[in-house]
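One structure below.
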Amino acid sequence: MAGTRVLRTRAVRIDAADKAAGRALYTDDLRFPGMLYAALLQSPHAHARIRRIDASRARAMPGVVDVITAAEAPATPFGVSPARYDETIFPADRVRYVGDEVAAVAAEDEETALRALGAIEVDYEVLPAVLDAFEALRPGAPQVHEKYPNNVTAEVHDEFGDVAAAEAQAEVKVAGRLCNRMPDGAFLEPQACIAQYDARGFLTLWSSTQAPHYVQRTLSMVLGVPIGKVRVVKPAVGGGFGPKAACGTHELATCLLAMRTGRPVKLRFTREQVFLHSRARHQFFHEMEIGARRDGTLLYLKHKNVMDGGAYSSFGIATVYYAGSLLGAPYRLPNMRYDGWRVATNKPACGAQRGHGGVIARALFEVLLDDLARKLGRDPIDLRLQNVMGAGERTCNHLDMSSLGMRECLEAVRDVSGWKDRESRRAQGRGFGAACGFFVSGAGYPIYRSETWHCNVIVKLPEVGGSVLVWTGAADIGQGSDTAMAMIAAEVLGVELDEVKVVSGDTDLALDLGAYSSRTTLMTGHATKMAAEDARRQVTEAVAARLGVPPERLEWRDGRLFDREGRADLAALRQTYLKEHRGFGDPPAGEGLTFREASRIAFLERGAIVGRGHYRPPPLGGTHKGAAVGTSPAYGCSAQVAEVSVDRETGQVTVHRIVGAHDCGLAINVTSVEGQMQGSMSMGLGETLFEEVKFDERGRVWNANLGEYKIPTALDAPKMECVIVESREPNGPFGAKEVGEGGIMPTMPAILNAIRDAVGVRPDEVPVTPERLKRLLDAAEGGGAAPCVGEAWPEVPGGGRTGPSFCGR
Amino acid sequence: MADERRVIRLQVNGRERVVAVVPHRTLLQVLREDLGLTGTKEGCSVGECGTCTVLLDGRPVNACLVLAVTAVGHAIETIEGLGDTRHPHPIQQAFAAAGAVQCGFCTPGMVLTAKALLDANPAPTEADVRRAISGNLCRCTGYEKIVQAILDAAAARGRG
Amino acid sequence: MLLPPFDVVEPESLAAALEALADPGVRSRPVAGGTDVLPDLKREYDRRLRFPALPAFRPGPFPERLVSLLRVSELRGVRVDTGGTTCGPLTTMSELAADDRLAGALGALADGAASVGSPQVRNRATLGGNLCNARPCADTAPAVVALEGVLTLTSRGGRREVAARAFFVGPGQTVLAPGELLTEVRFPPQPAGCGSAAMKLGVRRAYEIAIVSAAAWVALEGERVRAARVAFGSAAPIPLGVEAADLVGKVPDEAALRAAARAAAAQTRPIDDFRASAAYRRQAAEVLAFRVLERAVARARGAA
């Protein structure tokens, strides 16, 4: 493909000026006349039966306009995957975690709504709660849901290739475990929503969401409003990272209150409520064994995974698959066995969070690769380079690497980080660690079974001529998708970026599945490109018709329309334009027809020029159960090298530098690609060293605040250097594919490998807080346990092929 | 009395604004709800995130922890007071140019903190910058481009 | 989150402030920077509104009136004279951290102040608030104890002086009587050859509540230690001050400092909690004690 004009630049984001000026409007910045304020009553118990709710006192309070409980709310189950709809707006029978919503109040002001909560009498019968995934699997454990025996909400048992045969051939094996604690999305803008219901039964919800369409569907399905009368609008959103990608009770209850009161209703979360809602990353317990030949060729992976998913399924059925399937690449791994169990507990529900299921799994795999390198006396990067896949290869679990710049990424980080000179740095107490990762560029299938086009984009050229309107349901949540789509439209139409206006995140405009699984650049990008090309073709045809020449005679050069033969009377068209703009002070000039003239003439010729674009991936993947999960039209990949030092006396880890390389196919916006890489590194660092949600023995969150749930500050963030690799993905628009999530995969293992390089111990649980690392260092010094320490994980009872625990000790 | 409103005069962005507030109202509430200045954000309510940062007599503070009545007689600067649509403040321009703005929720607080830093220390080191913004959390950027933007703004200022 | 309803008065003199606090008919409490008091009130109010069945963070009735001290100019300022260094309780953490007069001998105070929360919090949080709220993790408390600060407590009935180590009674509790305000924190004159330092240990580098913290003050006479004190935060119910008696008369080399640190840390009584285990706190206390002693010695010698 020839060079690009707008793409691959560092264009300033189209919303940056407004955001830097404080003019961008987030949901809580909006207010409407007559607006009521809502508050949610949430369970103080991790597990309890609701014997009785009496809201009469609350209803009678001055200023309270409405109160709803399960009695007033539809009982239609919802969730993320139709196969696991296990939530209701308010549970009729029992609450399943501290924070489970029980009622909602709408009042004239927020304080009155909050005060009314105390006037709602709820008679709970406290039940025994289960707060640990392995406890939940034991016979006799409290059952979180009747319909999930043994609290297993989903399980996966897959084998690709022939693991037993591969085991027999393996000449060297490494094994280990890794677990994390539940993190939180910790986006800076808490959830908020405003609902409005008009006299004709049209429902509108403004919400801080990543997925307006999924919210729209759920509102319609649960509330019984015809879907064509439900509109969801996404204002500016202050970060999502996954937890905001599904509809929640807060949105449903707010809508119901608006429908019942006939007034707009606003609800916003406190920071504590963000933690209680969670829908963030699961807790994972991974065990793996990798077998290889002595020459370093990987032969097989055996992988067992138990996930604590909290009280509801959310995205969990996809998560448990991703945790296994996302190890099929980027190395040649011909044989893979995966057994995964997603377990329910009486804790906040876990869902999808950046890297969806693959992060802890990738971390353990990469750490074991280093173990393998050590055993074989090989350089860890060389070992990886020996095994990386290339474009055109297919994984053992049927994922096609249509492009894969993994080699280039690894070589880049090796060269930029000074990897080959790390011996001298180690003498100064520095450790180096490398790791790779990859991720889907959009899920191959929507979360509900459907033939739907995943993205639809309208490119409308205003009748008055000139600018370009891009209408999309895509959700810019800070990743810069509005700018990316504007750049694609500008590139296709040959106009300046300044002339493109994007209206997005509104289900009235177009259907888009939303911002999750890193899909927007590739999928919405395709649809935008198609719509822009459609619009341009219509303009060309219309102008050609006006000129009386075949459309092939006309060509666009630098955003202007010319006749290849130079004979057509473009001047006459200009005259038409000028006559229509008497009094205007900025007449078009120069050779050819400017875009605004051409688009105006096209309108005069045939009416409004509306370009349509849409995209859905082709059928992807194998035929095994769950094959859909992990499929994608393309895969981004990433490599990182982290440089750390450890304070051996306190166990504190300092990450000095992370060098990352990411293959995004083609960088639509270079600065945005780097921004996603750096944001991923920062989030990965936080989960590796600082972040954990802490529960007490009654299932209450102890640290539901940003003081004790610790995301990196500017003093914790290292120097982050980015190299962009462009493999020109054939399935991506202009060759582009994802960068939003692939970049987090290598961070945790790069840091873990670097810690091991620095001080010789390898933690098997994250976050590696100073205390945890100090304990390991003391144990190692005392000649104690080998790197893989910790209590033995219990067997997984009654679940498929478990086999003996194979952690090397 | 707790429920009685009192009329106070606040100096906001160089202009006097008159509001009637109950004593326990915070400056953040006054800015966002009474004065319609929604550029200052509420991320946590307890001074742990920095999205509510405003400048009080030129110093960054968390507006969520300032009782509005105690702000009388002090100069309050919010993000709305910096630049305007046609002439953004150089720091705002630097943030946009450097790619330091992603979701934008931390941005108003960051920009104001940066302004206070550069007003007090026109030639900060990177370490100075990181320390100055250590009270402004960002989940999107990893801070790298924010630090760069502030250093760029300082350099531009230095070049006059 | 919302604040519970309360009245606010803003006296402009100490006398007026004491008057407001002494009013028996109104439940009052003083507030300065508000960076401890206001979050506590918000969290507690939110807890009682949303989760009345869960335990209160801070049981008891809310104050009816906050007496803001911010306009009492008498309580501001740091002055150095023959009596020593006297800090007004309204001195903010930022002011303490930036005050060059607090380098060297009184460096522990500047260190502690500089480590509080965030720049925004430091611009409002005051020395008085930090000490009077008396959290075990208060960042300036170990320094004030190690430096043997003398606290002046004033009421309408008069003044009294209390040594820092006697000021703290328990978590959140001091010897302040109802109607009494902290009006001065004075540090004795520091002859040449004195140095102090403070450090805290957290998980990340800003916005941290200390897992454990330490401060040390050392006075040298020639090559040897004339006197030395160590104090810990988050290692006992109150800031814990320890005389490093075994250092007296010794040359403060690494071995001597390590031994002194070990002895000092052995006296800590840390607890297990969600932030850390007691065992780790004790280990870390010893590490921090050594490091602050080392830095205090360097400052006493005129370096760093």
Side-chain angles (χ1 to χ4, degrees), chain B residues 1-4 6 8 21-29 33 42-74 109-110 112-114 116-117 120-121 127-137 143, chain C residues 1-12 26-27 31-46 57 62-73 90 92-95 97-98 114-125 129 202 204-209:
Chain B
M1 294 270 66
D3 287 339
E4 278 176 14
R6 46 181 103 151
I8 60 173
V21 299
V22 288
H24 55 276
R25 204 151 171 75
T26 65
L27 179 59
L28 181 64
Q29 288 172 299
E33 299 171 25
E42 182 166 3
C44 76
S45 304
V46 286
E48 292 175 337
C49 73
T51 61
C52 69
T53 302
V54 297
L55 300 185
L56 199 61
D57 297 329
R59 285 185 283 273
V61 299
N62 295 314
C64 70
L65 297 184
V66 175
L67 292 171
V69 296
T70 68
V72 174
H74 297 278
M110 280 287 183
L112 287 172
T113 298
L117 169 69
N121 178 359
D128 292 335
V129 172
R130 285 184 182 270
R131 186 163 166 77
I133 63 172
S134 60
N136 294 84
L137 294 182
Y143 305 99
Chain C
M1 283 199 281
L2 302 174
L3 283 166
F6 49 74
D7 190 20
V8 174
V9 295
E10 298 180 84
E12 297 186 4
V26 181
R27 228 169 25 247
V31 65
T35 55
D36 257 345
V37 172
L38 297 184
D40 276 358
L41 287 172
K42 286 191 186 190
R43 286 196 229 265
E44 186 57 43
Y45 191 43
D46 195 72
F57 293 121
F62 289 118
E64 294 165 305
R65 169 198 289 169
L66 291 193
V67 178
S68 171
L69 301 174
L70 293 176
R71 300 193 196 275
V72 182
S73 48
L90 288 188
T92 66
M93 298 300 166
S94 292
E95 288 165 346
S115 74
V116 169
S118 69
Q120 288 88 331
V121 167
R122 293 195 286 276
N123 284 336
R124 293 291 277 181
R204 55 179 179 175
R205 291 191 156 73
Y207 265 136
E208 288 295 90
I209 300 284

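Only heavy atoms go into these numbers, but all of them, side chains included; no hydrogens, no water, no symmetry mates. Letters A, B, ... are given to chains in the order of the sequence lines, protein chains preceding strands, and every chain is numbered from 1.
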Between C:L41 and chain B, with a heavy-atom cut-off of 4.5 Å, which part of the residue counts as in contact: side chain, backbone, both or neither? neither

Give a yes or no answer on whether the side chain of C:Y207 reaches the backbone of B:C49 with a donor-acceptor pair at less than 3.5 Å. yes

So for atom CZ, which belongs to B:R59, do other residues, nucleotides or ligands contribute more than 12 heavy atoms lying within a distance under 6.0 Å? no

Rounded to the nearest 0.5 Å, how far does CD of C:E208 lie from OG of B:S134? 11.5 Å

Please name the pair of heavy atoms, one in C:V8 and one in B:R6, separated by the smallest distance, quoted to 0.1 Å. O-NH2, 2.8 Å

Under 4.5 Å to a heavy atom of chain B? For C:T35 that would be both

Are any of the side-chain nitrogens in B:E48 or C:R43 under 4.0 Å away from the carboxylate oxygens of its partner? yes

So for C:R65, is it side chain, backbone, both, or neither that comes closer than 4.5 Å to the heavy atoms of chain B? neither

Given heavy-atom pairs under 4.5 angstrom as the criterion, report whether the side chain, backbone, both or neither of C:L3 touches chain B. both

To the nearest 0.5 angstrom, please state how far the CG atom of C:L2 sits from the NE2 atom of B:H24. 8.0 Å

Hey, which of C:V37, C:D46, C:V31, C:L38 has the most heavy atom pairs under 4.5 Å with chain B? C:L38

Within a strict 4.5 Å, meaning less than it, do heavy atoms of the B:L56 and C:R124 side chains meet? yes

Is the closest side-chain heavy-atom distance between C:E10 and B:L67 below 4.5 Å? no

Measure distances from C:A114 to the heavy atoms of chain B and classify the residue's part below 4.5 Å as side chain, backbone, both or neither. both

Drop me the distance from C:N123's CG to B:T53's OG1, to the nearest 0.5 angstrom. 10.0 Å

side-chain contact (heavy atoms from CB on, under 4.5 Å), that's the test. Do C:M1 and B:T26 meet it? Break it down for me. CA-CA 11 Å; C:M1 283 199 281; B:T26 65; over 6 Å; no

Here the pair of heavy atoms bringing C:P5 nearest to B:D3 is CB-OD1, 4.4 Å

What part of B:A132 gets within 4.5 angstrom of chain C, counting heavy atoms only: side chain, backbone, both, or neither? backbone

Under 4.5 Å from any heavy atom of chain C, what part of B:V22 do you find: side chain, backbone, both or neither? neither

Any side-chain heavy-atom pair of B:T113 and C:Q120 under 4.5 Å: yes

Calculate, to the nearest 0.5 Å, the distance between atoms CG and CG belonging to C:D36 and B:L65 respectively. 9.5 Å

One option among C:G33, C:P4, C:S94, C:S68 has the most heavy-atom pairs under 4.5 Å with chain B, and it is C:P4

Which heavy-atom pair separates C:P119 from B:G135 by the least distance, and what is that distance? CD-N, 3.6 Å

So, the part of B:C64 with a heavy atom under 4.5 Å from chain C: the answer is both

Scanning both residues in full, the closest heavy-atom pair of C:V121 with B:G47 reads CG2-O, 3.9 Å

For B:R131, is it the side chain, the backbone, both, or neither that has a heavy atom closer than 4.5 Å to a heavy atom of chain C? both

Would you mind checking which part of C:R205 comes under 4.5 Å of any heavy atom in chain B, side chain (CB onward), backbone (N, CA, C, O), both or neither? neither

